[in-house]
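Because only heavy atoms are used, hydrogens play no part in the values below, and waters and symmetry mates are left out as well, while side chains stay in. Naming: A, B, ... by sequence-line order, numbering from 1 per chain.
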Amino acid sequence: MRMSKLLAPTLRENPAEAEVVSHQLLVRAGYIRRLASGIYNYLPLMWRVMKKVEQIVREEMDKAGAQELLMPILQPADIWQESGRWEVYGKELIRLKDRHDRDCVLGPTHEEVITTIAKHEIHSYRHLPVNLYQIQNKYRDEIRPRFGLLRGREFIMKDAYSFHTTEDDLDREYYVMADTYKSIFKRCGLETRMVRSDSGAIGGDVSHEFMVLTHTHSGECDVFYCNQCEYAANSNRAESITPAATTDGKEYFSQEAIVETPDCSSIEALTKFLKIPPTLICKALLYIKDEKEPFLVLIRGDLEVEEVKLLNAVQAYEIRMANEEEVYKYTGTKKGYVGIGNWVISLKEGGVLLFGKEQSSMPLPTVVDFSVKELKNFVVGHNQAGYHKVGYNWHAPDLMEGHYKDVKLARLGDTCPECQKGTLEMTRGIEVGNIFKLGKKYSRAMNATYSTEDGKEDFFIMGCYGIGISRTAAASVERYHDENGIIWPIPIAPYHVVVVPVNTSDETQLALAERVYNELKIAGIEVVIDDRDERAGVKFKDADLLGFPLRITAGKKAGEGLLEVKLRTEKAAQDIPAAEVLAYVQQQLQSWNAEAVLTHA
RNA sequence: CGGGAUGUAGCGCAGCUUGGUAGCGCAUCUGCUUUGGGAGCAGAGGGCCGCAGGUUCGAAUCCUGUCAUCCCGACCA
C-alpha cells in the first residue's frame, strides 16, 4: 500500500473530544472517526486491525470445536417478550417499529435468537453438545457512551453459545472456552487476567471476565488481585478477608446500655463521640428494592456496602438507599440512628431474616453481612434520634446462622480469600471478554427442549461467551503506546512494515525504497511505502503515530545499498544491506513474542 | 437521568465581559527555495459563529428555547 493513497488522515493535535489515550490516538492517527455519540467509522487501517483480531478469534474458536454462523441483528420483539428481557433489559435495548407497527429490537446479544435455533433445530441429546458463534455488530443504547471504542453504542462482538445435557458437560466447555480465551488474547499480544465477576443482566450463576490490566486511569473497572496467588476479581464481586475487629486490648461496654449520642448521624461522628474504633459499630442501612420493598442491611461500621453484591443478594432488579422520608416511615427515626437496638429477630417462611419491633406488623427483611458475625459488646442504633445502644450482643445467633451474606466492598490490603496468605492489590482493567454459565435460564423461559437418552424432554443447559472485538483493539492501544503514538503488537498491526524514502526527490533513495517495498510485498509481508512528498520529520512522526512494528528507512546510505531498520519499540536503528533486509524482516516477524512489547511500552 | 462544561474554517483555538458585520496556528491549493524527527517565503481558497426565536438601527457577542458533544455518577463487551 502507498501512503500517498492510503486514507489515514492523521492530525497534529489530539481531538478535543477524546479523553482517554486509545481514543485520542485512534482518532489522531486516522484509524477511526466518530459519526455520532458512541458510533464510529472504522477507517481502512482500523478495519485491518479488526479483521486480524477477528481472524485470531475465529481460528481459536474453530480449533475449540465451535461453529461459526450469523444471526440477524434486527430481531422481532416477541422472542424478547418470551424470554422476559423485553421488560428487564430496559432502555439499553434499542427498540423500533417496522412499517406494520411491529415491535423490533437491534440485537445487543443473541441468547433469544440462538435459543430459538436450538429449540427448532436440535431435537436430540445425540446432537449435543454444540457451540455456535458469530462475529457481528451489536447495539446497546448505553446511558453514557464514552472512551471512544471502549464503550460505544455500536460495537463488534464475538458471541458464542453452547448447549449441553449436563452441568458437568457445561463445566467442561466453560473451561475449554476459558483456555481458548487465554490463547486468543495471548495471540493478540495482550496479557489478560481471568477475573470473577457479576453476571449482570445476562443472568446465570457463574461468570468470569477477561481483563487487560492497564494500571492507568483509562481502565473501566477496578480489579482486585492477590499478590501471591492467581485470585482476581472485579471490585463488584471481590471477596476478601478483612482484619478482625480489634479493640486494642481495651474493654468497651461490658454492660448493655442506652446512651445519649447527640449529632452522631455518621460513623465518623459516632466514633469520635464515643471514642471507639469504627469496627465496634454495626451499621444499619435502609434500602429500597425495586421501588417498593424496604429492607435493611447490617454491616460493620468501617466497611462499605458493595451495591452490586447487595443487588444479587436480594435478587432485585434495582436497589437504592432510602431517603429521609422513607427512613422515618419504616423505622420511625432518622438516618444515623437506625439500628436493631430495640428490635427482635425472626424468620419468615422462605428463610428471610426479619428485624423489627416485637409488636410490629411490618418487620424489615434484613441482609446481614459476614462482617458483623463475630462482633461482641458492640454499638447499634436505637431507632430513636440521639440514642445508640452500646454493649449489644446478638440475641439469636442460631437463627442467623446460614443467613450471612457477603455484601461488603473489598479493600486494598485485605487478605486474599483464596490462598488466605496474600493481600489484595488493585489495578484498573478493561474487560475484553467474558464467559457465563447460563444454565437453563433461557431454555426454560423459551421452552427449548431436546429428547434425553431415556426418551424424556429436558431443557438445554447453556453457556455463553463474548469477546469485544473493537474493544480488544482499543485495549491494545490503551496498553501499548508511548508519547509518539500507537505501538501495535505484530499479530494485530494493520501493516507490519513501513518503508520510508527520506527524500522522494533523491532518485537513489526512492529507487532503493521502491525495490525493497516490492521485494517485501512479493514475499507476502504486509508493507506500506511512504511515497508522499513530505519531509523526513513528517514521515517519521506519522510512522510512529500509526504504530507500525518495523520501519525501514532509505536515506543517506542508500547509495551504498544500506537501509536503516528500526523496531517501533526501540530507539536505535541498525544499518542492513538491502539484500539482507527481507530475511531480517522475516526473522523479526517470526520471533515475535509478547515480551517485546510488554517490556518497552 | 442528576451534576459540570463546550459548540466560531478540515483540526486546535481567540474574539463574547463593554453589540458595529470574523481572526490566529496547523491543514488544503499555487509558485519558488528547502529536504534525517511535524520547513521557509510569497500568494490563494475555505465560515447560514450548532439551530430557532427574541431584543436592537445593528447580534458570534445580550435574552429565551432547542439540538449536539464532552467530563463526573448510576449501567456494560
| field | Closest non-hydrogen atom pair, A:Gly429 against A:Thr214 | value | N-OG1, 4.2 Å
Minimum-distance nucleotide to [X] side chain [options: [options]]:
{"X": "A:Glu92", "options": "B:G38, B:C76, B:C72", "answer": "B:C76"}
{"X": "A:Glu431", "options": "B:C70, B:A77, B:A39", "answer": "B:A77"}
{"X": "A:Asn503", "options": "B:G36, B:C75, B:U35", "answer": "B:U35"}
{"X": "A:Arg535", "options": "B:G38, B:U35, B:G37", "answer": "B:U35"}

base_contact_polar ([N] base, [X] side chain, donor-acceptor, <3.5 Å):
{"X": "A:Glu564", "N": "B:G36", "value": "yes"}
{"X": "A:Asp544", "N": "B:G37", "value": "yes"}
{"X": "A:Arg34", "N": "B:U69", "value": "no"}
{"X": "A:Arg151", "N": "B:C75", "value": "yes"}
{"X": "A:Asp542", "N": "B:G38", "value": "yes"}

| request: Just jot down the salt bridge (charged side-chain N to carboxylate O under 4.0 Å, His left out) partners of A:Glu17, sequence neighbours excluded, or say none. | output: A:Arg34
| message | Just to verify, what does A:Asp159 make a salt bridge (charged side-chain N to carboxylate O under 4.0 Å, His left out) with, not counting sequence neighbours? | response | A:Lys138
| query | Is there a ring pair (Phe, Tyr, Trp, His ring centres under 6.0 Å) between A:Tyr174 and A:His208 once you walk through the steps? | reply | CA-CA 10 Å; A:Tyr174 192 79; A:His208 285 84; 5.8 Å; yes
Please enumerate all protein N or O atoms sitting under 3.5 Å from an N or O of nucleotides 29-31 of chain B, with distances to 0.1 Å.
none

Indicate every side-chain donor-acceptor pair of residues 541-554 of chain A with a distance under 3.5 Å to a residue at least two apart or in another chain.
{"unit_1": "A:Asp542", "atom_1": "OD1", "unit_2": "A:Thr10", "atom_2": "OG1", "d": "3.2"}
{"unit_1": "A:Asp542", "atom_1": "OD2", "unit_2": "A:Arg532", "atom_2": "NH1", "d": "3.1"}
{"unit_1": "A:Asp542", "atom_1": "OD2", "unit_2": "A:Arg532", "atom_2": "NH2", "d": "3.0"}
{"unit_1": "A:Arg551", "atom_1": "NE", "unit_2": "A:Thr553", "atom_2": "OG1", "d": "3.4"}

Which part of the nucleic acid, if any, lies within reach of [X] when heavy atoms closer than 4.0 Å are counted: base, sugar-phosphate only, or nothing?
{"X": "A:Arg28", "value": "base"}
{"X": "A:Val502", "value": "base"}
{"X": "A:Arg33", "value": "nothing"}

| message | Go nucleotide by nucleotide along RNA chain B from the 5' end; which of A:His23 and A:Leu149 gets its closest nucleotide reached first? | response | A:His23
Tell me yes or no: between the side chains of [X] and [Y], is some donor less than 3.5 Å from an acceptor?
{"X": "A:Asp62", "Y": "A:Tyr133", "value": "yes"}
{"X": "A:Asn234", "Y": "A:Glu209", "value": "yes"}
{"X": "A:Glu478", "Y": "A:His23", "value": "no"}

| field | Nearest-angstrom distance from the residue atom OH of A:Tyr287 to C1' of B:A74 | value |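 After rounding, the gap between these two atoms is 12 Å.
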Using a 3.5 Å cut-off and no angle test, enumerate the donor-acceptor pairs between side-chain atoms of residues 492-502 of chain A and protein atoms at least two apart in sequence or in another chain.
{"unit_1": "A:Tyr495", "atom_1": "OH", "unit_2": "A:Arg48", "atom_2": "NH1", "d": "3.3"}
{"unit_1": "A:His496", "atom_1": "NE2", "unit_2": "A:Ile490", "atom_2": "O", "d": "3.4"}

Can you pull every protein N or O that's under 3.5 Å from an N or O on nucleotides 1-11 of chain B?
none

